[in-house]
Amino acid sequence: MEESANAYQSLDAALAEIEQTLEQMLTLARLSATDLNLDRDVLEKTLKRLQDKIDRIADTIEDGSKNNPYLPS
């Protein structure tokens with residue numbers, strides 16, 4: 001019972017990290033939509049890096065490996 005509770009807490013932490021990353025991406029998208037003189041290439045690279053971060057978290061959860069920081073060992 002405790003193990004499944006830990007698993008849910010770990011998955012909740014992973015989802016919270018994904019949510020925070022999506023919020024960062026939304027902020028960058030809004031910034032990009034402004035008329036400010038911004039380096040669009042830098043914004044695009046940052047968005048790509050954040051997307052890669054989300055992909056890594058999702059892959060880690062999906063793999064269920066022992067190295068998964070989001071699941072109990």
Open item on the list: Please report the interatomic distance CG(Leu22) to CG(Leu15), rounded to the nearest 0.5 Å.
Closed with: 10.5 Å
Task: Where at least one partner belongs to residues 33-42, residue pairs that pass side-chain hydrogen bond (donor to acceptor under 3.5 Å, both in side chains), sequence neighbours excluded - done: Ser32-Arg40
Open item on the list: Minimum heavy-atom separation for Leu38 and Leu31, please, with both atom names.
Closed with: CD1-O, 3.3 Å
Task: Validation row: Glu17, Ile54 side chains within 4.5 angstrom (heavy atoms) - done: no
Pair up each side-chain donor or acceptor in residues 44-51 with any protein partner under 3.5 Å, not counting sequence neighbours, and list the distances.
residue : atom : partner : partner atom : Å
Thr46   : OG1  : Val42   : O            : 2.8
Lys48   : NZ   : Asp52   : OD1          : 2.8
Gln51   : NE2  : Asp55   : OD1          : 2.9

Task: Sequence-distant partners of Leu26, side chain to side chain contact (heavy atoms under 4.5 Å, CB included), two or more places apart - done: Arg30
TODO: Enter the distance from Asp59:CG to Arg56:CZ here, rounded to the nearest 0.5 Å.
DONE: 9.5 Å
